[in-house]
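Convention: sequence-line order gives letters A, B, ...; per-chain numbering from 1. Because the structure is predicted, anything quoted here is derived from the model rather than measured.
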2 protein chains.
Amino acid sequence: MTFGEYIREIREEQQLLLREVASQMNIDTALLSKIERGTRMARKEQAEALAKVLKQNKNELLQFWMADKIVFMLKDEKNITEILKIVEQKINRLSKK
Amino acid sequence: MTFGEYIREIREEQQLLLREVASQMNIDTALLSKIERGTRMARKEQAEALAKVLKQNKNELLQFWMADKIVFMLKDEKNITEILKIVEQKINRLSKK
DNA sequence: TTTTGACTTGTCAATATCTGTCTAATGTAA
DNA sequence: TTACATTAGACAGATATTGACAAGTCAAAA
């Protein structure tokens, strides 16, 4: 599930309209629509605003948002697993220092 | 080890000058210097050119390059491990489809 | 059928970021 | 000093991102 699908689900559970949420975020309805549909990526501040409006845990939502960005970067790669292994090695070495 | 450190190491092993490699890549020496020192990120085509000039396996080097980009995105995050877990879950679901 | 309301799409200008080069600086060995 | 390799900083041009607007679709209500 993408970030957009996720927040759409939450918004619909809470029976909120795009226009209501967008208004509280101070953005255009069209932009929020695009974010939910994945044709635009939310900015960090927008992800934070969404957490607030939808009453979600901010850090959790931001993690989900960041994961989405990474998946987006990787989605057309051939050896995703291999790349992620390298990432983990690099991260492990970083954290040791 | 970062992408830049890695290619610098290889270049020095081969006793090539920045200017020689940069020239073969059709970029300014200063730019290659920055890439090696990590103050600039190589573009994909530049990573490919480096593989060629330094006679490295192109796919391997590109994987390393991509991993570097991801590490760069993650480096200031708090819960990197958690984020990577989410990424892996998302990727697994993607590949099942 | 017409209207209404929710949502979506395409386009565009403004802005932000990225890129590569140039010049000047630094370092170093002869 | 001179010569050469590398690095730093600043800049303009290229690209990408952003948010808004207007027009579109669609379904349900009137």
Side-chain angles (χ1 to χ4, degrees), chain A residues 1-54 61-62 64-77, chain B residues 1-54 61-62 64-77:
Chain A
M1 176 186 279
T2 66
F3 178 79
E5 287 165 354
Y6 184 60
I7 60 169
R8 166 152 293 187
E9 201 168 279
I10 296 169
R11 177 177 65 78
E12 289 177 341
E13 272 171 18
Q14 299 183 10
Q15 309 206 34
L16 297 170
L17 299 176
L18 270 182
R19 113 175 108 68
E20 296 173 313
V21 176
S23 151
Q24 287 201 65
M25 295 170 66
N26 287 316
I27 63 170
D28 196 284
T29 304
L31 179 52
L32 182 53
S33 166
K34 284 168 189 164
I35 290 171
E36 287 190 349
R37 303 177 48 72
T39 61
R40 282 287 181 92
M41 181 138 268
R43 299 194 316 167
K44 189 169 190 178
E45 307 84 60
Q46 289 164 345
E48 288 169 346
L50 276 166
K52 191 163 189 180
V53 176
L54 299 177
L61 198 65
L62 280 178
F64 203 86
W65 168 81
M66 176 61 78
D68 228 46
K69 292 218 299 182
I70 293 172
V71 170
F72 185 79
M73 281 184 62
L74 285 172
K75 70 181 191 314
D76 296 320
E77 294 295 321
Chain B
M1 177 186 279
T2 66
F3 178 80
E5 286 165 356
Y6 184 59
I7 61 170
R8 167 153 293 187
E9 201 169 281
I10 295 168
R11 176 176 67 79
E12 288 177 341
E13 272 171 19
Q14 299 183 11
Q15 310 204 35
L16 297 169
L17 298 177
L18 272 182
R19 129 175 97 66
E20 297 171 312
V21 175
S23 152
Q24 289 201 64
M25 296 171 64
N26 288 314
I27 61 171
D28 197 284
T29 306
L31 178 51
L32 182 54
S33 164
K34 285 167 191 163
I35 289 171
E36 287 189 351
R37 314 197 63 259
T39 62
R40 285 284 180 95
M41 182 137 267
R43 299 196 319 176
K44 188 169 191 178
E45 308 84 62
Q46 290 165 344
E48 288 168 347
L50 276 165
K52 190 164 189 177
V53 176
L54 299 177
L61 197 65
L62 280 178
F64 204 84
W65 169 81
M66 177 60 77
D68 227 47
K69 291 217 302 182
I70 293 172
V71 170
F72 186 79
M73 280 184 62
L74 285 172
K75 67 181 194 315
D76 296 321
E77 295 295 322

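Remark: P of C:dA6 and CG of A:Leu32 are 14 Å apart, rounded to the nearest angstrom. Atom CG of B:Leu31 is separated from atom P of D:dA12 by 19 Å (rounded to the nearest Å). The CD-C1' distance, from B:Gln15 to D:dC4, rounds to 16 Å in whole Å. One can place CD of B:Glu36 at 12 Å from C1' of D:dT7, the figure rounded to the nearest angstrom. One can place CZ of A:Arg8 at 10 Å from C1' of C:dA6, the figure rounded to the nearest angstrom. Between the CD atom of A:Glu45 and the C1' atom of C:dT15 there is a distance of 14 Å, rounded to whole Å.
Separation of atoms CD1 (B:Ile27) and CD (B:Glu45) is listed at 11.5 Å; rounding is to 0.5 Å. Taken to the nearest 0.5 Å, the CD atom of A:Gln15 stands 9.5 Å off from the CG atom of A:Leu17.
Considering only side-chain N and O atoms, A:Arg37 lies nowhere under 4.0 angstrom from the phosphate OP1 or OP2 of C:dC7. Here B:Arg43 does not reach the OP1 or OP2 of D:dT15: none of its side-chain N or O atoms lies under 4.0 Å away.
Annotation: of the two residues near DNA chain D, B:Ser33 and B:Arg40, the 5′-most nearest-nucleotide partner is B:Ser33. Residues B:Arg11 and A:Met41 both approach DNA chain D. Their nearest nucleotides, taken by heavy-atom distance, put B:Arg11 toward the 5′ side.
Using a 4.0 Å heavy-atom cutoff across all strands shown, B:Gln46 reaches sugar-phosphate atoms only and no base atom.
Figure legend: B:Lys69 and B:Phe72 shown without cation-pi pairing, the cationic atom not lying both under 6.0 angstrom from the six-membered ring centre and within 45 degrees of its axis.
Residue-to-nucleotide contacts include no donor-acceptor pair under 3.5 Å from the side chain of A:Lys34 to the base of D:dG19.
Under a cut-off of 6.0 angstrom, the local environment of NZ in B:Lys75 is crowded, with over 12 non-hydrogen atoms contributed by other residues, nucleotides or ligands.
Just one of B:Asn26, B:Ile7, B:Leu32, B:Leu31 meets the side chain to side chain contact (heavy atoms under 4.5 Å, CB included) condition when paired with B:Gln46; it is B:Leu31.
Within residues 16-28 of chain B, the residues approaching DNA chain D are B:Leu17, B:Leu18, B:Arg19, by heavy-atom distance under 4.0 Å.
Side chain of A:Ala30, nearest nucleotide from D:dA22, C:dT21, D:dT7: D:dA22.
A:Leu61 places none of its side-chain heavy atoms less than 4.5 Å from the side chain of A:Leu54.
Closest heavy-atom contact between A:Phe64 and A:Met1: CZ-O, 3.4 Å.
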